[in-house]
There are 2 protein chains.
Amino acid sequence: MRYAESILEMIYKSDAHMTAEQVFLALKQQYPSVVLATVYNNLNSLYQQGKIRKISLEGYPDRYDKLTRHDHLFCRRCGKLSDIYLSDITGELERQIGFSIEGYDLKIQYFCPQCRAEQRESNSVYESE
Amino acid sequence: MRYAESILEMIYKSDAHMTAEQVFLALKQQYPSVVLATVYNNLNSLYQQGKIRKISLEGYPDRYDKLTRHDHLFCRRCGKLSDIYLSDITGELERQIGFSIEGYDLKIQYFCPQCRAEQRESNSVYESE
DNA sequence: TCTAGAAATAGAATAATTCTAAATTGGTGG
DNA sequence: CCACCAATTTAGAATTATTCTATTTCTAGA
């Protein structure tokens, strides 16, 4: 795992929700010989060890994220993902469920301001269902 | 949208978190001429109209689900997805965030009892990190 | 009945991810 | 210092899910 440390650091320093491809491109700057499959190997291994998060978004490639507690806003229209810091509900969940959990992903669906505006526009012309 | 009603009904009657492929196979029983692309078209259109949920799981194809409020338990090891009924926190989220949302997906990561057992087994032989 | 628009079909294309096999690396004991 | 082993990386093929394009079929209204 020659690259695991660099990848981990990269993910923790950024809040860009990087895809494997993006991690690959960034890593390539430092290690030009690295290939995409290696990045996938490393990311999967880090994920399995529970050192990073993996975020699946419908219609977009998987993204990797730090474990640092935070939640996500996901725009249903343009797919934009942003961080939002809400209080940690792990304890509450465990109490309700009755056993311990590894964590949770809270993805809040909304329409970002921009998409909201564009939607209003199109509605004013044709009244869609 | 000849099939939209059937698909919607199928999703609402089942709690199997069906993939597009599974919906396709089930629909084929009734309409042998239907093709997978049509199922994708219908599912996407239903999703865009906000009539069904789409669940993305890392490493598995997308699944479709009813809107009926419920949350998910996702086994980090075997990928099994099960429903869990926790109280609706939409109002609370909106209050914390300050604007209205379309909904939310709460995916709780855990190790299911079976995987928990298997993990204990392997740990008893080799102490892994 | 004719026409237009919407949806379905067929199958090719794309994109993300995994897999396989071979080469490389790093560490260990002789 | 060398040989060996296991783990990792590399290269590129393969797989899988999903979308796209072009063509055909369907349906409702003129």
Side-chain angles (χ1 to χ4, degrees), chain A residues 1-8 10-11 16-49 51-65 76-79 81 122 125-129, chain B residues 1-8 10-11 16-49 51-65 76-79 81 122 125-129:
Chain A
M1 291 283 135
R2 197 180 337 160
Y3 306 116
E5 261 319 305
S6 308
I7 292 175
L8 201 55
M10 186 182 304
I11 288 173
H17 313 106
M18 297 172 102
T19 61
E21 177 86 25
Q22 290 171 326
V23 171
F24 164 65
L25 290 173
L27 196 63
K28 222 182 151 117
Q29 310 277 96
Q30 208 183 339
Y31 305 97
S33 75
V34 76
V35 294
L36 187 52
T38 300
V39 171
Y40 272 106
N41 286 343
N42 277 269
L43 287 170
N44 283 335
S45 136
L46 288 169
Y47 173 64
Q48 307 231 50
Q49 293 171 249
K51 293 187 179 164
I52 58 175
R53 282 207 247 183
K54 197 173 183 175
I55 313 173
S56 296
L57 301 173
E58 38 279 11
Y60 301 87
D62 286 353
R63 283 146 195 289
Y64 298 87
D65 203 356
R76 233 176 192 293
R77 191 156 176 275
C78 71
L81 190 74
S122 60
V125 182
Y126 295 109
E127 213 54 46
S128 67
E129 107 105 330
Chain B
M1 290 281 138
R2 200 180 335 161
Y3 306 116
E5 262 318 306
S6 308
I7 292 175
L8 200 55
M10 185 182 303
I11 288 172
H17 311 106
M18 298 172 100
T19 60
E21 177 87 24
Q22 290 171 325
V23 171
F24 164 65
L25 290 174
L27 197 63
K28 221 183 152 121
Q29 309 278 95
Q30 209 185 335
Y31 304 97
S33 75
V34 76
V35 295
L36 187 53
T38 300
V39 171
Y40 271 106
N41 285 344
N42 277 269
L43 287 169
N44 282 336
S45 137
L46 288 169
Y47 173 64
Q48 306 230 50
Q49 294 171 248
K51 294 187 178 162
I52 57 174
R53 281 207 247 183
K54 198 170 181 177
I55 313 172
S56 297
L57 301 172
E58 38 278 12
Y60 300 88
D62 285 354
R63 285 146 194 287
Y64 298 87
D65 203 357
R76 232 176 193 293
R77 192 157 175 274
C78 69
L81 189 73
S122 60
V125 181
Y126 294 108
E127 214 56 48
S128 67
E129 106 108 331

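Basis for what follows: all heavy atoms, side chains included, without hydrogens, waters or symmetry-related copies. Labels below follow one simple rule: chain letters A, B, ... track the order of the sequence lines, proteins then strands, and each chain is numbered from 1.
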Starting at [atom1] of [X], measure out to [atom2] of [Y] and round the result to the nearest 0.5 Å.
{"X": "B:L46", "Y": "B:R53", "atom1": "CG", "atom2": "CZ", "answer": "15.0 Å"}
{"X": "B:H17", "Y": "B:I55", "atom1": "NE2", "atom2": "CD1", "answer": "5.0 Å"}
{"X": "B:N42", "Y": "B:Y64", "atom1": "CG", "atom2": "OH", "answer": "11.0 Å"}

Could you check whether any side-chain heavy atom of A:N44 comes within less than 4.5 Å of a side-chain heavy atom of A:K54, counting everything from C-beta outward?
yes
Could you tell me whether the side chain of B:Y40 reaches within less than 4.5 Å of the side chain of B:L36, counting heavy atoms only?
yes
Are there any protein N/O atoms within less than 3.5 Å of an N/O atom in nucleotides 22-28 of chain D, and if so, which ones and at what distance?
none

Whole Å only: how far is the [atom1] atom of [X] from the [atom2] atom of [N]?
{"X": "B:Q49", "N": "C:dA6", "atom1": "CD", "atom2": "C1'", "result": "14 Å"}
{"X": "A:E58", "N": "D:dT19", "atom1": "CD", "atom2": "P", "result": "11 Å"}
{"X": "A:Q48", "N": "C:dT17", "atom1": "CD", "atom2": "C1'", "result": "14 Å"}
{"X": "B:F24", "N": "D:dT16", "atom1": "CZ", "atom2": "P", "result": "16 Å"}
{"X": "A:Y3", "N": "C:dT25", "atom1": "OH", "atom2": "C1'", "result": "10 Å"}
{"X": "A:D62", "N": "C:dT17", "atom1": "CG", "atom2": "C1'", "result": "9 Å"}
{"X": "B:L57", "N": "C:dA16", "atom1": "CG", "atom2": "P", "result": "19 Å"}
{"X": "B:R63", "N": "D:dA17", "atom1": "CZ", "atom2": "P", "result": "10 Å"}

Just list the side-chain donor-acceptor pairs under 3.5 Å for residues 19-33 of chain B, sequence neighbours left out, or say none.
| residue | atom | partner | partner atom | Å |
| --- | --- | --- | --- | --- |
| B:T19 | OG1 | B:Q22 | N | 3.1 |
| B:T19 | OG1 | B:Q22 | OE1 | 3.4 |
| B:Q22 | OE1 | B:T19 | N | 2.9 |

Heavy-atom closest pair, residues B:G59 and A:D62:
N-OD2, 4.2 Å
What closest approach, in Å, do A:I7 and A:L43 show between heavy atoms, and which atom pair accounts for it?
CG2-CD2, 3.7 Å
Would you tabulate the pairs of protein nitrogen or oxygen atoms and nucleotide nitrogen or oxygen atoms of nucleotides 18-22 of chain C closer than 3.5 angstrom?
| residue | atom | partner | partner atom | Å |
| --- | --- | --- | --- | --- |
| C:dT18 | OP2 | A:N44 | ND2 | 3.2 |

Out of D:dT18, C:dT9, C:dT17, minimum distance to the side chain of A:A20 belongs to C:dT17
Name the closest nucleotide to the B:P61 side chain, picking from C:dT9, D:dT9, D:dA17.
D:dA17
Look at all strands and tell whether B:S33 reaches a base, only sugar-phosphate, or nothing, counting heavy atoms closer than 4.0 Å.
sugar-phosphate
